[in-house]
*Asks:* 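Below is one structure. I have some questions about it.
Note on naming: letters A, B, ... go to the chains in the order of the sequence lines (proteins, then strands), and numbering restarts at 1 for each one.
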Protein chains: 2
Amino acid sequence: MTGERRKFRREGADTRRQALVMATLDLIVEQGVRGATVRAIAERADVTQGLIRHYFSTKDELVQEAYLAHMAGLTEQTFAGVAERETARERLAALVVASVTPPVVDSASVGLWAGFLNHVRQDARMRAVHAQTYHDFRDRLERLIVGALEEAGRGPDAGQARRLAIACNGVIDGLWLEGGALPEAFGPDELTGIALAAVGAILQLDLEEAAKT
Amino acid sequence: MTGERRKFRREGADTRRQALVMATLDLIVEQGVRGATVRAIAERADVTQGLIRHYFSTKDELVQEAYLAHMAGLTEQTFAGVAERETARERLAALVVASVTPPVVDSASVGLWAGFLNHVRQDARMRAVHAQTYHDFRDRLERLIVGALEEAGRGPDAGQARRLAIACNGVIDGLWLEGGALPEAFGPDELTGIALAAVGAILQLDLEEAAKT
DNA sequence: GTCGTAATTATGCAAGCGTATAATTGTTCG
DNA sequence: CGAACAATTATACGCTTGCATAATTACGAC
């Protein structure tokens, strides 16, 4: 008989690109950037390696798209459910809680982020994505902070608002990092309480009360 | 004539191992983990690649030692000069300032740390180093915090001390991370002021005053 | 001195990498 | 039903990688 050539189904470009991106992220999570080879990605996505070149002209392009997808997903997960809260203070508290709770706090997620950081430092386009993701998140956080402070009758000026947002963002990121990188070091819900207390102290707002809603 | 075999000098084991570790760190900084190949490391250390195998039975062993060296250096840099301060509050302020100032805050340093994180997630021994480094730093921070609070007439209980240390560590780490990963996003000394204010707010201590000493 | 030995170099290998290109095959449209 | 075309597979090339092993050489002991 003739050699059995592999059967396949044609898929739309979007479907395939997304599948390849997901396969890339999975592999980086499981085996680090090292393990995310073109061949392994193709196998995971159940296609042959040549197809990757058909959708991404280079591997770096695929990695870049994977990074974008991961960061967008992270921001989305963090802000999911925030807008539904009634008061600004409750929205802020909800954001803080979400930031230090699974699925946002997650070993794989932090590992993924760290794995990308070196690409970020070397590739200009990835650096742009990084900067935008960071500023995006911080701006949204700053708006929540300003809202909560105004609600409490004390609206900060622009400089204060910026500094408070940077500080709160620092706490959130730091705890996110530690919770993900060293999961067994903290009790369940411990980070939640600490994050609310710390951000609350910086802003002089009682967030622990607001989080109970 | 016969081929010119390379001249060399014999060095002690410690010297060579240290040189190889330094070369590894340099390369990871400059080109990411990807660029730190056995051949590149050897060239940087001005030896041939076979010598690496003579001192480290595997490349991972070298990487692990490099990680250890980097983390130890980071902690040392951060605490340098802290002990000299007079009061506990000044010591705490000095630590906070050092944590968000070069050379501790540094793009290369953060990149190095991130590059290692994936190894940490996969190698048990590196995970142990990571956990110990983290707890070591946090314990020292906690002692400074307790000292400063007692100095102010309010000694926290063990649970409070732990939570405060985690929170302050979070701010410090978060700002360290952001300062290193996105240097151009902050003005000079901006992080210093924010870090002092944030940690001060969490502990309800005036650290900005104490930092001026 | 010269001799032994550990440090160092030199060379090679098998595996894996990303990329290129040609051959096939599923799908769509008239 | 068949032709055209894009999606997909198959294969191969050149390079780099980490690791192994044998040949050399600097240096201290006696």
Side-chain angles (χ1 to χ4, degrees), chain A residues 1-24 27-28 30-67 115 118-119 122-123 126, chain B residues 1-24 27-28 30-67 115 118-119 122-123 126:
Chain A
M1 293 296 152
T2 77
E4 49 273 9
R5 196 183 174 92
R6 185 182 168 130
K7 305 294 184 194
F8 62 91
R9 281 184 47 208
R10 292 187 155 202
E11 300 280 359
D14 287 350
T15 310
R16 274 281 136 86
R17 288 175 70 96
Q18 189 182 343
L20 289 170
V21 163
M22 298 274 283
T24 306
L27 280 168
I28 298 183
E30 289 171 25
Q31 316 182 30
V33 199
R34 242 184 126 116
T37 71
V38 170
R39 284 165 178 80
I41 294 168
E43 187 184 9
R44 180 66 60 108
D46 209 44
V47 296
T48 54
Q49 54 166 314
L51 194 62
I52 291 185
R53 273 276 294 170
H54 191 256
Y55 286 110
F56 301 92
S57 68
T58 187
K59 190 196 169 185
D60 281 344
E61 199 177 309
L62 168 56
V63 169
Q64 187 190 336
E65 189 147 325
Y67 176 58
N118 277 291
H119 289 258
Q122 279 157 41
D123 184 305
M126 290 196 70
Chain B
M1 293 294 145
T2 77
E4 50 272 9
R5 196 183 174 91
R6 185 182 167 134
K7 304 295 181 194
F8 61 92
R9 282 185 46 211
R10 293 186 155 201
E11 300 280 358
D14 288 350
T15 310
R16 274 281 137 86
R17 289 176 69 97
Q18 190 181 341
L20 289 170
V21 163
M22 299 275 283
T24 305
L27 280 168
I28 298 183
E30 289 171 24
Q31 318 182 31
V33 199
R34 246 183 122 117
T37 70
V38 170
R39 284 165 178 80
I41 294 168
E43 187 183 8
R44 179 66 61 106
D46 210 46
V47 295
T48 53
Q49 54 166 314
L51 195 61
I52 292 185
R53 272 277 294 170
H54 190 255
Y55 287 111
F56 301 92
S57 68
T58 186
K59 189 194 170 185
D60 280 345
E61 199 177 307
L62 168 57
V63 170
Q64 186 189 336
E65 188 147 325
Y67 175 58
N118 277 290
H119 289 259
Q122 278 156 43
D123 184 304
M126 292 196 69

*Asks:* Between D:dA7 atom C1' and A:Ile52 atom CD1, what is the distance in whole Å?
*Replies:*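 A:Ile52 atom CD1 is separated from D:dA7 atom C1' by 15 Å.
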*Asks:* Contact list please: residues 54-61 of chain A against DNA chain C, heavy atoms, distance less than 4.0 Å, in numerical order.
*Replies:*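 Of all residues in residues 54-61 of chain A, the ones placing a heavy atom under 4.0 Å from DNA chain C are A:Thr58, A:Lys59.
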*Asks:* Please give, in whole Å, the distance from D:dT17 C1' to B:Leu27 CG?
*Replies:*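 So the CG-C1' distance, B:Leu27 to D:dT17, works out to 15 Å.
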*Asks:* Any side-chain heavy-atom pair from B:Thr37 and B:Leu27 closer than 4.5 angstrom?
*Replies:*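 Side-chain contact under 4.5 Å: no.
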*Asks:* To the side chain of A:Lys7, which of D:dC27, C:dG26, D:dT9 is closest?
*Replies:*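 Selected nucleotide: C:dG26.
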*Asks:* Counting only side-chain nitrogens and oxygens, does B:Arg53 get under 4.0 Å of the OP1 or OP2 atom of D:dA20?
*Replies:*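 Yes, within the criterion.
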*Asks:* Is there any ring-ring contact (aromatic ring centres under 6.0 Å, His included) pair reaching into residues 45-67 of chain A, and which pairs are they, with sequence neighbours excluded?
*Replies:*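 Every pair satisfying ring-ring contact (aromatic ring centres under 6.0 Å, His included) with a residue in residues 45-67 of chain A: A:Tyr67-A:Phe116.
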*Asks:* Does any pair with a residue in residues 46-60 of chain A pass salt bridge (charged side-chain N to carboxylate O under 4.0 Å, His left out), and if so which ones, sequence neighbours excluded?
*Replies:*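 Of all non-adjacent pairs touching residues 46-60 of chain A, those that pass salt bridge (charged side-chain N to carboxylate O under 4.0 Å, His left out) are A:Arg6-A:Asp46.
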*Asks:* Between B:Glu11 (CD) and C:dA6 (P), how many Å, whole number?
*Replies:*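 It works out to 18 Å between those atoms.
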*Asks:* Quick one: side-chain hydrogen bond (donor to acceptor under 3.5 Å, both in side chains) partners of A:Arg16, sequence neighbours excluded?
*Replies:*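 Listed in chain order: nothing, the list is empty.
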*Asks:* In this structure, how many angstroms lie between the C1' atom of D:dT8 and the CG atom of A:Asp46, rounded?
*Replies:*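 To the nearest whole Å, that distance equals 12 Å.
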*Asks:* Kindly write out the residues that satisfy side-chain hydrogen bond (donor to acceptor under 3.5 Å, both in side chains) with A:Ser57, not counting sequence neighbours, or none if the list is empty.
*Replies:*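 Checked A:Ser57 against side-chain hydrogen bond (donor to acceptor under 3.5 Å, both in side chains); matches are A:Glu61.
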*Asks:* Please walk me through it: do A:Asn118 and B:Gln31 pass side chain to side chain contact (heavy atoms under 4.5 Å, CB included)?
*Replies:* CA-CA 8 Å; A:Asn118 277 291; B:Gln31 318 182 31; over 6 Å; no
*Asks:* Restricting to salt bridge (Lys or Arg N to Asp or Glu O under 4.0 Å), what partner residues turn up for B:Glu43, sequence neighbours left out?
*Replies:*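 Residues passing salt bridge (Lys or Arg N to Asp or Glu O under 4.0 Å) with B:Glu43: none at all.
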*Asks:* Look for any protein N or O under 3.5 Å of an N or O in nucleotides 10-15 of chain C and output each such pair with its distance, or none.
*Replies:*
| from | atom 1 | to | atom 2 | distance (Å) |
| --- | --- | --- | --- | --- |
| C:dA10 | OP1 | B:Arg6 | N | 2.8 |

*Asks:* Without decimals, in angstroms, what is the distance between A:Leu62 CG and C:dG18 P?
*Replies:*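 Going from CG in A:Leu62 over to P in C:dG18 covers 10 Å.
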*Asks:* Given atom CZ of A:Arg9 and atom P of C:dT28, what is their separation to the nearest angstrom?
*Replies:*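 The answer, rounded to whole Å, is 11 Å.
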*Asks:* What is the distance, to the nearest angstrom, from the CZ atom on A:Phe8 to the P atom on C:dG26?
*Replies:*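 From A:Phe8 CZ to C:dG26 P: 5 Å.
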*Asks:* Can you name the side-chain hydrogen bond (donor to acceptor under 3.5 Å, both in side chains) partners of A:Glu65, sequence neighbours left out?
*Replies:*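 Testing A:Glu65 for side-chain hydrogen bond (donor to acceptor under 3.5 Å, both in side chains), a comparison that skips the adjacent residues, returns A:Arg17.
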*Asks:* Tell me: CZ of B:Arg17 to C1' of C:dA7, nearest whole Å?
*Replies:*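 Result: 14 Å.
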*Asks:* Excluding sequence neighbours, so at least two apart, what forms side-chain hydrogen bond (donor to acceptor under 3.5 Å, both in side chains) with B:Glu11?
*Replies:*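 Partners of B:Glu11 under the side-chain hydrogen bond (donor to acceptor under 3.5 Å, both in side chains) test: B:Arg9.
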*Asks:* Can you tell me if the side-chain N/O atoms of B:Arg16 get under 4.0 Å from OP1 or OP2 in C:dT8?
*Replies:*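 Checking B:Arg16 against C:dT8: at least one side-chain N or O falls below 4.0 Å of OP1 or OP2.
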